[in-house]
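Below is one structure, written out as structure tokens, with a few remarks after it.
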Amino acid sequence: KLGRNDEALPHFQNALAFRQERSDIGRLEIANSHDNLAGTFYRLDRLDEALTNYNNALGIRRSEPDADPLEIAGSYDNVANVYFRMDLFENAIPYYRESLTIRETATGVSSLDLAESYENLALVYLRTYAVAQALPHYQNAVAIRRGSLDINPSRFSVTLTDLAQAYRYQGDYGRALPLFQEALDIVQRLYGADSPEIATALNNLAGVLVIIGDLEGALALLQEALDILERSPETEPLDVATARNSLATLMVRMGEDDQSLKLFESVLEILEQDDNTDPLDLARVKNNLAVLYGSADENEKALALYKEIQAIREAILPEGHPELAQGLYNQAAVLIRTKDYQKAIDLAERSRDIWAKALGPNHPTTGKSLNLLGMLYEAEGNYPQALELFGDSLIAEDKAFNNIFAVASEQQKLSFAQANQGSYQAALSLIQRHFKEDGNAARFGLELVLRRKGIVLDAQAQAQLALTRN
């Protein structure tokens, strides 16, 4: 408890040896000694030894008929936590699942312990990009914490944020938006004006506003978050760097290249001076700098930097990671400007394949790669293939429209519509220019117009119904 784990270790080892030698000491007490020793190894970052002892404790408890089921569940959690710390997420899943199964059926279990068990399993599913499996567990956790009489508002805001992030990863921005807003409302009531928790919540909400096209709203939130962190004397430099990076990234989209360049340079200076900087964080900032080069038509500089970033990611990330797809997509987007279409098609197809497997074929991000591929095939003169790709991309685009229009304000709906009609406009333009005599293509174009109009009319009807009910 004093943090002197090196000194504690030999005493726990002696205690375990003593108990193992005595015939009058129960096996469950030996399991407790394994837990104590494992916890010390865990804090010393000796994870293999921690895992061995936690597994020994679990094995003992599972074999003892008098063992408390909730203590067995705790043992499953201990093993899973070590695997999680080792980034062996697939190994952790069955242990968290067994723990949850016990808590769902055991008597005397605390509802908040059950909520935590749902959260553990949901988080490890997220780390393996199994968002569909994570969502119901986060939903259960939110329902339990929301209905608890002894609700902890701070912990509840974290669970709301986790559920919102899961919806965001799935591309369901309409459900993510109100949850991020609710989490922000809670932390604003709980903490002072300069709290880093408020800055984090502002940043989370801004991320969704950027996606739906409300750039001005996002800009105000990101600027407020940065101001909070820069005012606080306790803020770590890396947290300031992260906030500046988010703000600069948005400014690139808004055409504020000079201001964003200064922010990116200050971020890189902080990261390069800190020995604890994650190479992936440095790669993400360089990626944003490459985007800035691309927007300024400095294509060679952008492409060289994207290749450098991709090499970093490929050395660290597992095969099939979504960030690898983003790097491929970024390179393809530069090559389309330099008219190197064949190489761009290869990169864009690889990015599509990764995103489709990790996120799903109808995820908005997968749709983005389909749209880029459509543009490339159109540039190559392969108009039927381009039209098919635009049509596939529109499935994802329409799904995003449905999600956003269900919850967004009128201004947010307008901003989203203006920012997210790439595949729709591209398909109609392609039909008008190259398929004038093709009846099937004309019918397809008419279906697109009616489908998009239907989404808008349905959203208006739902909004009117909600007003009437209120």
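Model, not experiment: these values are computed from the prediction.
- Here Y173 and Y167 keep their ring centres 6.0 angstrom or further from each other.
- In this structure, A166 and L135 approach most closely via the heavy-atom pair CB-CD2, 3.8 Å.
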Between side-chain atoms of residues 215-229 and protein atoms elsewhere (two or more places apart, or another chain), which donor-acceptor pairs fall under 3.5 Å?
residue: Q223; atom: NE2; partner: D227; partner atom: OD1; Å: 3.1

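- Between the side chain of S393 and the backbone N or O of F390 there is no donor-acceptor pair closer than 3.5 Å.
- Stacking of R85 on the aromatic ring of Y42 is recorded, both the 6.0 Å distance cut-off and the 45° axial limit being met.
- With sequence neighbours left out, the ring pair (Phe, Tyr, Trp, His ring centres under 6.0 Å) criterion links Y96 to no other residue.
- Note that CZ of F180 is 13.5 Å distant from CG of D185, once rounded to the nearest 0.5 Å.
- The side-chain hydrogen bond (donor to acceptor under 3.5 Å, both in side chains) test applied to H34 returns N53, not counting sequence neighbours.
- Within the structure, salt bridge (charged side-chain N to carboxylate O under 4.0 Å, His left out) contacts touching residues 132-148 (residues at least two apart or in different chains) are E119-R145, R146-E182.
- Looking only at distances, a side-chain donor or acceptor of N140 sits under 3.5 Å from a matching main-chain atom of P136.
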Side chain to side chain contact (heavy atoms under 4.5 Å, CB included) evaluation trace for N81 with Y54
CA-CA 10 Å; N81 290 340; Y54 276 139; over 6 Å; no
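- Nearest approach of A344 to A332, heavy atoms of both residues: O-CB, 3.5 Å.
- For residues 95-107, the salt bridge (charged side-chain N to carboxylate O under 4.0 Å, His left out) pairs, not counting sequence neighbours, are D77-R103.
- Looking at T235, its side chain never comes within 3.5 Å of a backbone N or O of R231 through a donor-acceptor pair.
- Closest approach of L179 to A164, counting heavy atoms only: CB-CB, 3.7 Å.
- Shortest non-hydrogen contact noted between L372 and A333 is CD2-N, 4.2 Å.
- With hydrogens and angles disregarded, no donor-acceptor distance shorter than 3.5 Å links the side chain of D113 to the backbone of V109.
- Considering CG of D281 and CD1 of I270, their distance stands at 12.5 Å, rounded to 0.5 Å.
- Looking at every heavy atom in both residues, T366 comes nearest to P361 through CG2-O, 3.6 Å.
- Across all their heavy atoms, V267 and A241 have their closest contact at CG2-O, 3.4 Å.
- Remark: Y129 pairs with H321 by the ring pair (Phe, Tyr, Trp, His ring centres under 6.0 Å) rule, at least two apart or across chains.
- Note on residues 322-332: pairs passing salt bridge (charged side-chain N to carboxylate O under 4.0 Å, His left out), not counting sequence neighbours, are R284-E323, R313-E323.
- The salt bridge (charged side-chain N to carboxylate O under 4.0 Å, His left out) analysis of residues 52-68, with sequence neighbours excluded, yields the pairs R27-E64, D35-R61, R61-E71.
- For S195, the side-chain hydrogen bond (donor to acceptor under 3.5 Å, both in side chains) partners at least two apart in sequence or on another chain are E197.
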Salt bridge (Lys or Arg N to Asp or Glu O under 4.0 Å) assessment of R350 paired with D353:
CA-CA 5 Å; R350 287 165 59 195; D353 293 343; over 6 Å; no
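- For the atom pair I102 CD1 and S75 OG, the distance stands at 9.0 Å (nearest 0.5 Å).
- With sequence neighbours left out, the side-chain hydrogen bond (donor to acceptor under 3.5 Å, both in side chains) criterion links D239 to no other residue.
- Judged by distance alone, the side chain of S63 and the main-chain N or O of G59 form a donor-acceptor pair under 3.5 Å.
- Heavy-atom contacts from other residues, nucleotides or ligands closer than 6.0 Å to CD of E234 number 12 or fewer.
- Here the side chain of T277 pairs no donor or acceptor atom with the backbone of Q273 at under 3.5 angstrom.
- Shown here is E319, whose CD atom has no more than 12 heavy atoms of other residues, nucleotides or ligands within 6.0 Å.
- Partners of Y83 according to the ring pair (Phe, Tyr, Trp, His ring centres under 6.0 Å) rule, which considers only residues two or more places apart in sequence or in another chain, are Y95.
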Could you go through the side chain to side chain contact (heavy atoms under 4.5 Å, CB included) check for L126 and V131 one step at a time?
CA-CA 5 Å; L126 271 191; V131 182; 4.0 Å; yes
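- Side-chain N or O atoms of H137 include none that pairs as donor or acceptor with a backbone N or O of Y125 at under 3.5 Å.
- When only modelled atom types and interatomic distance are considered, Q326 and N330 share a side-chain donor-acceptor pair under 3.5 Å.
- A donor-acceptor contact closer than 3.5 angstrom links the side chains of T249 and N288.
- A side-chain donor-acceptor contact under 3.5 Å links T161 to the backbone of S157.
- With sequence neighbours excluded, the residues satisfying ring pair (Phe, Tyr, Trp, His ring centres under 6.0 Å) with Y329 are W355.
- Put simply, CD1 on I93 and CG on L88 are 11.5 Å apart, with the number rounded to the nearest 0.5 Å.
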